[in-house]
> 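My questions all concern the structure below.
Just the heavy atoms: all of them, side chains too, but no hydrogens, waters or symmetry mates, feed the values below.
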Amino acid sequence: AEYEIEMLRKTCTNIKITSTPMKTDYYEGQYFRTDNFVVEADYEDGSHVILERDQYDLVVKGKVIEPNDFFTLDLAGDNIDFTVRRKSTPEISSGGKSDSFKGSISSFKLDHIIVSVRPVKTVYYLDEEQDLTGMIIKGYYTDGKTVKSDALQESEYTVSNNLDTSSVGTRTITITSKYNDKLSAQFDVTVMVKKFMKAYITSYPRTTYPLLTGVTDYDAKYWYDHYN
């Protein structure tokens, strides 16, 4: 026997921003940042969910901003509406519901980027992996008269190919803006060979043994130091 199954489309009855994002003021070439941003939706069947970024549209001045879309100068303005609405899918209707918060997009143009703070690790030993912990990249923006700066997210720039630590020497790491690949900044790191300095006995082995027993140093512990 064959049966027809009717798939009912669930309708969103309300959408609400319950926590505004930490960052509401943007510059050219920056992504929308969802830190602390919470969007919740109610449906006609009584269900209630917190929406993920791919489940709602962000709309600024009539333009839908996708997760990988940069803010551009044509969207610049102060105290403008950042509107969210439930994405419509074959299973869910947006119901025309939306909510918004106020923010701004600067009219300043991205001029250059710098390595504001170098990574904690700038000296590597052979075959170590690249570690950029602590690095801060800043973008500088200008209207031709005034210059302003703001830190970039990791997703807003690229790092040159994996660091080659197979041989000693100086290596240059290049950071490039994803928004404008003509804007980049560099810094150097050093690859070195570990050199033995000295060893410590941190706990002594057994020193007294019965007659006819073997001598072992299994209880001894050692610590090795290296220097650059």
Side-chain angles (χ1 to χ4, degrees), residues 15-39 50-88 94 98-120 130-163 172-189:
I15 189 168
K16 185 174 180 60
I17 298 169
T18 56
S19 178
T20 54
M22 293 179 63
K23 184 175 179 64
T24 57
D25 300 317
Y26 292 89
Y27 287 98
E28 176 192 36
Q30 291 185 329
Y31 289 132
F32 175 65
R33 303 180 187 179
T34 58
D35 301 325
N36 202 55
F37 190 48
V38 180
V39 181
I50 295 177
L51 300 181
E52 300 294 335
R53 178 63 181 93
D54 61 354
Q55 294 179 311
Y56 63 83
D57 286 326
L58 176 70
V59 184
V60 179
K61 291 188 172 181
K63 179 181 178 179
V64 175
I65 309 299
E66 299 295 346
N68 291 322
D69 284 347
F70 294 106
F71 288 118
T72 51
L73 292 180
D74 60 302
L75 299 175
D78 296 323
N79 199 37
I80 56 179
D81 286 325
F82 286 64
T83 301
V84 291
R85 64 190 184 201
R86 179 66 169 89
K87 282 183 180 288
S88 289
S94 70
S98 65
D99 197 6
S100 63
F101 65 91
K102 295 291 186 180
S104 70
I105 299 173
S106 174
S107 59
F108 282 49
K109 182 178 179 61
L110 178 61
D111 183 71
H112 65 280
I113 65 174
I114 69 166
V115 181
S116 176
V117 178
R118 300 209 310 170
V120 174
Q130 181 171 274
D131 182 358
L132 300 179
T133 302
M135 184 176 72
I136 297 176
I137 305 300
K138 277 191 176 182
Y140 283 77
Y141 309 82
T142 182
D143 62 354
K145 298 179 181 179
T146 305
V147 176
K148 298 180 179 180
S149 67
D150 196 16
L152 300 185
Q153 286 188 311
E154 288 184 23
S155 59
E156 294 169 345
Y157 59 81
T158 59
V159 181
S160 54
N161 294 335
N162 288 336
L163 177 65
T172 298
I173 295 177
T174 301
I175 309 298
T176 304
S177 165
K178 281 187 178 180
Y179 179 70
N180 183 347
D181 61 12
K182 295 180 180 179
L183 303 180
S184 62
Q186 298 177 328
F187 65 94
D188 291 337
V189 298

> Tell me if a side-chain donor or acceptor on D143 pairs with a main-chain N or O of K145 at a distance below 3.5 Å.
yes

> Can you see which heavy atom on V64 is nearest to which on D69, and at what distance?
O-OD2, 3.7 Å

> Taking R118 for its side chain and D188 for its backbone only, find out whether a donor-acceptor pair lies under 3.5 Å.
yes

> Does the side chain of K23 come within less than 4.5 Å of Q153's, by heavy atoms?
no

> Flag yes if more than 12 heavy atoms outside N36 fall under 6.0 Å of its CG atom; otherwise flag no.
yes

> Do F82 and L58 have side chains that approach each other closer than 4.5 Å (heavy atoms only, starting at C-beta)?
yes

> Could you tell me the separation between the CG atom of D81 and the OG atom of S100, rounded to the nearest 0.5 Å?
4.5 Å

> I'd like to know whether NZ of K16 has more than 12 heavy-atom contacts from other residues, nucleotides or ligands below 6.0 angstrom.
no

> I'd like to check L152 versus I113 (side-chain heavy atoms, cut-off strictly below 4.5 Å). Are they in contact?
yes

> Measure the shortest side-chain to side-chain distance between V60 and T83 over non-hydrogen atoms and say whether it is less than 4.5 angstrom.
no

> Drop me the distance from I80's CD1 to L75's CG, to the nearest 0.5 angstrom.
7.0 Å

> Just how far is it from atom CD1 of I137 to atom CD1 of I114, taken to the nearest 0.5 Å?
8.5 Å

> Please name the pair of heavy atoms, one in S98 and one in R85, separated by the smallest distance, quoted to 0.1 Å.
CB-CB, 4.1 Å

> Kindly indicate, with the supporting measurements, whether the criterion side chain to side chain donor-acceptor pair (under 3.5 Å) is fulfilled by Q186 and T172.
CA-CA 7 Å; Q186 298 177 328; T172 298; 5.6 Å; no

> ring-ring contact (aromatic ring centres under 6.0 Å, His included) between F101 and F37: does it pass, once the steps are laid out?
CA-CA 11 Å; F101 65 91; F37 190 48; 5.5 Å; yes

> Any side-chain to backbone donor/acceptor pair from S88 onto S94? Under 3.5 Å, distance only.
yes

> Ignoring hydrogens and geometry beyond distance, is a side-chain donor-acceptor pair present between Y179 and E156 at under 3.5 Å?
no

> Are Q55 and R86 close enough that some pair of their side-chain heavy atoms sits under 4.5 Å apart?
yes

> Suppose we call two aromatic rings close when their centres sit under 6.0 Å apart. Are Y26 and Y31 close by that rule?
no

> Compare every heavy atom of L183 with every heavy atom of D111, then report the nearest pair and how far apart it is.
O-CD2, 3.3 Å

> Judged by atom type as modelled, is there a donor-acceptor pair below 3.5 Å linking the side chain of D99 to the main-chain atoms of I17?
yes

> Please check if the side chain of T142 supplies one atom and the backbone of T146 the other of a donor-acceptor pair under 3.5 Å.
yes

> How far apart are the closest heavy atoms of L73 and S106, and which atoms are they?
CD2-O, 3.9 Å

> Looking only at heavy atoms, what is the nearest atom pair of G134 and V120, with distance?
CA-CG2, 4.4 Å

> Let me see the working for M135 and I175 under side-chain contact (heavy atoms from CB on, under 4.5 Å), right down to the final yes or no.
CA-CA 11 Å; M135 184 176 72; I175 309 298; 3.9 Å; yes

> Under 3.5 Å, is there a donor-acceptor pair linking the side chains of N162 and Q130?
no

> Is there a donor-acceptor contact under 3.5 Å from the side chain of K178 to the main chain of N180?
no

> Heavy atoms, side chains only, cut-off 4.5 Å: are Q30 and Y141 in contact?
yes

> Taking the cut-offs as 6.0 angstrom to the six-membered ring centre and 45 degrees off its axis, would you call K148 and F108 a cation-pi pair?
yes

> Report yes if the side chains of D54 and E52 come closer than 4.5 Å at any heavy-atom pair, otherwise no.
yes

> Between the side chain of K61 and the main-chain N/O of A76, is any donor-acceptor distance below 3.5 Å?
yes

> I want to check something: taking the side chain as every heavy atom from C-beta on, are V38 and I50 in contact at a cut-off of under 4.5 Å?
yes

> I'd like to know whether T72 forms a side-chain contact (heavy atoms from CB on, under 4.5 Å) with K63, so could you lay out the CA-CA distance, the side-chain angles of the two residues, the decisive distance to 0.1 Å, and finally the verdict.
CA-CA 11 Å; T72 51; K63 179 181 178 179; 4.1 Å; yes

> Which heavy atom of G139 sits nearest to which heavy atom of L110, and what is that distance?
CA-CD1, 4.1 Å

> Got a sec: does the NZ of K138 have more than 12 other heavy atoms crowding it under 6.0 Å?
no

> If I take atom CD from residue E28 and atom OG from residue S107, how far apart are they, to the nearest 0.5 angstrom?
10.0 Å

> Applying side-chain contact (heavy atoms from CB on, under 4.5 Å) to V84 and D57, what does each step give before you reach the verdict?
CA-CA 5 Å; V84 291; D57 286 326; over 6 Å; no

> Compute whether any side-chain donor of one residue and acceptor of the other, for D25 and S104, lie under 3.5 angstrom apart.
yes

